[in-house]
Q: 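The structure is given below, and queries will be raised subsequently.
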Amino acid sequence: MPTTNVLLVTIGVADGLSKEGREAIRTLRGGESVDRPATVTFANERQLSDVFNERTYALLRVIRDEDPESIRETARVVGRDVKNVHEELTTLEALGIIRFDDDGRSKRPVFPYDDLIISPFAHDSSDSAPAAP
């Protein structure tokens, strides 16, 4: 059974988890699999919703499904301004959610994961009550 490379997005104390996400991308780029999900952690719900919104999901779907050759082509496919798409993709790249592969003079956006899971409660240390049956 093939290994699934997953990006887990959470809310809580980061403790370097964004760094782990970037390291996972480097590992995937080298052709190796990642044993545990790469994780990007946001400090609060507002930060998460600022990054993951309808526009972001559209970009990620296009990158995954259409495999655009450049930022410009990505913008064309989603019907948006190149400058705005560039800004959003640059943010996603800085967070370790996507990477850019140089393709001549173009930067090709790549989503190097098989799946994306957003679990805002995964690292919520304030919720210490035991689960009830």
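In what follows, residues are counted from 1 in the order of the sequence shown.
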Q: Before you tell me yes or no, could you show the steps for K107 and D101 under side chain to side chain contact (heavy atoms under 4.5 Å, CB included), namely the whole-Å CA-CA distance, both residues' side-chain angles and the distance that decides it to 0.1 Å?
A: CA-CA 6 Å; K107 292 167 85 176; D101 287 349; over 6 Å; no
Q: What distance do F100 atom CZ and I71 atom CD1 have between them, rounded to the nearest 0.5 Å?
A: 4.0 Å
Q: Using 0.5 Å steps for rounding, measure from the CD1 atom of I98 to the CG atom of L7.
A: 11.5 Å
Q: Side-chain donor-acceptor pairs under 3.5 Å in residues 51-60, sequence neighbours left out?
A:
unit_1	atom_1	unit_2	atom_2	d
N53	OD1	R55	N	3.0
N53	OD1	T56	N	2.9
N53	OD1	T56	OG1	3.2
N53	ND2	D50	O	3.2
R55	NE	E88	OE2	2.9
T56	OG1	V51	O	2.4

Q: Side chains of R99 and P112: does their closest heavy-atom pair fall under 4.5 Å?
A: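 Result yes, sub-4.5 Å side-chain heavy-atom pair found.
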Q: With no hydrogens and no angle check, do the side chains of T41 and T10 hold a donor and an acceptor under 3.5 Å apart?
A: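 The answer is yes; a qualifying pair exists.
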Q: If the condition is side-chain hydrogen bond (donor to acceptor under 3.5 Å, both in side chains), which residues does R61 pass it with, not counting sequence neighbours?
A: none
Q: Would Y113 end up clustered with V110 when hydrophobic side chains under 4.5 Å apart are linked, directly or stepwise?
A: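 Each belongs to a different hydrophobic cluster.
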Q: Closer than 4.0 angstrom, basic N to acidic O: yes or no for R108 and D102?
A: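 No, no charged N to carboxylate O under 4.0 Å.
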Q: Kindly give the heavy-atom pair with the smallest separation between P68 and I63, and that separation in Å.
A: CD-CA, 3.7 Å
Q: For L89, is there any backbone N or O sitting under 3.5 Å from a side-chain donor or acceptor partner on E93?
A: no
Q: How many angstroms lie between atom CG of L116 and atom CZ of R64, to the nearest 0.5 angstrom?
A: 9.5 Å
Q: Quick one: pull up CD1 in I97 and OG1 in T91 and give me the separation to the nearest 0.5 Å.
A: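 It comes to 9.0 Å.
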Q: Checking the side chain of D103 only, and the main-chain atoms of S106 only, is there a donor and an acceptor separated by less than 3.5 Å?
A: no
Q: Quick one: does any side-chain atom of D114 pair with a main-chain N or O of N5 as donor and acceptor, under 3.5 Å?
A: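 Yes, because the side chain of D114 sits within donor-acceptor range (under 3.5 Å) of the backbone of N5.
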Q: To the nearest 0.5 Å, how far apart are CD1 in I11 and CD in Q47?
A: 9.0 Å
Q: Please round to the nearest 0.5 Å and tell me the distance separating atom OG1 of T74 and atom NE2 of H86.
A: 11.0 Å
Q: Run the numbers on S119 and L8 for side chain to side chain contact (heavy atoms under 4.5 Å, CB included), then give the verdict.
A: CA-CA 7 Å; S119 181; L8 175 63; 3.9 Å; yes
Q: Does atom CD of E73 have more than 12 heavy-atom neighbours, drawn from other residues, nucleotides or ligands, at distances under 6.0 Å?
A: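 Check passes, neighbour count above 12.
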